[in-house]
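Treat the numbers as computed from the prediction; the structure is a model and nothing was measured.
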Amino acid sequence: MAEKRSYLDTPGYLAFLAFVAFWAAASSGSPLYVRVLAGVTAAFAAGHLAVLLVRRRRDRRMAADGG
């Protein structure tokens with residue numbers, strides 16, 4: 001049985017988080033500290049999304065090979 005995971009660790013949520021954070025970082029109406037923290041959050045979310053997608057691809061490949 002597959003373990004139940006949080007929706008916070010799904011690719012869709014991570015893509016949404018990265019998009020919103022990049023949007024906030026690009027907003028000129030926000031104070032500088034908000035834009036910097038949003039940029040850091042966006043970079044973290046994008047990196048975590050990339051790692052998650054690579055891990056899922058690797059797991060699928062291993063399952064297809066019977067390993």
Side-chain angles (χ1 to χ4, degrees):
M1 176 186 283
E3 73 180 55
K4 186 170 174 74
R5 70 177 180 190
S6 170
Y7 73 93
L8 297 176
D9 204 25
T10 60
Y13 179 77
L14 287 172
F16 174 73
L17 178 64
F19 176 77
V20 169
F22 277 123
W23 187 284
S27 174
S28 61
S30 299
L32 179 61
Y33 72 94
V34 171
R35 288 184 280 159
V36 169
L37 289 175
V40 169
T41 302
F44 176 75
H48 187 58
L49 176 62
V51 168
L52 180 67
L53 292 177
V54 167
R55 190 175 297 149
R56 287 177 66 178
R57 174 185 264 184
R58 185 189 65 214
D59 291 346
R60 285 184 184 155
R61 219 180 258 165
M62 294 275 290
D65 290 342

Could you report the tightest heavy-atom contact between [X] and [Y], atom names first, then the distance?
X	Y	answer
P11	R56	CG-NH1, 2.8 Å
A46	A18	N-CB, 4.2 Å
A45	L14	CB-O, 4.1 Å
A25	G39	CB-N, 3.7 Å

Nearest 0.5 Å, please: how far is CZ in F22 from OG1 in T41?
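That separation rounds to 10.0 Å.
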
Would you compute the distance between atom CG of D65 and atom CZ of R60 and round it to the nearest 0.5 angstrom?
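Answer rounded to 0.5 Å: 14.0 Å.
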
Report the relative orientation of the aromatic rings in F19 and W23; use parallel for angles under 30°, tilted for 30 to 60°, perpendicular for over 60°.
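Geometry flag for W23 against F19: tilted rings.
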
I'd like to know if the side chain of R35 and the backbone of S30 have a donor-acceptor N/O pair within less than 3.5 Å.
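Such a contact is found between R35 side chain and S30 backbone.
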
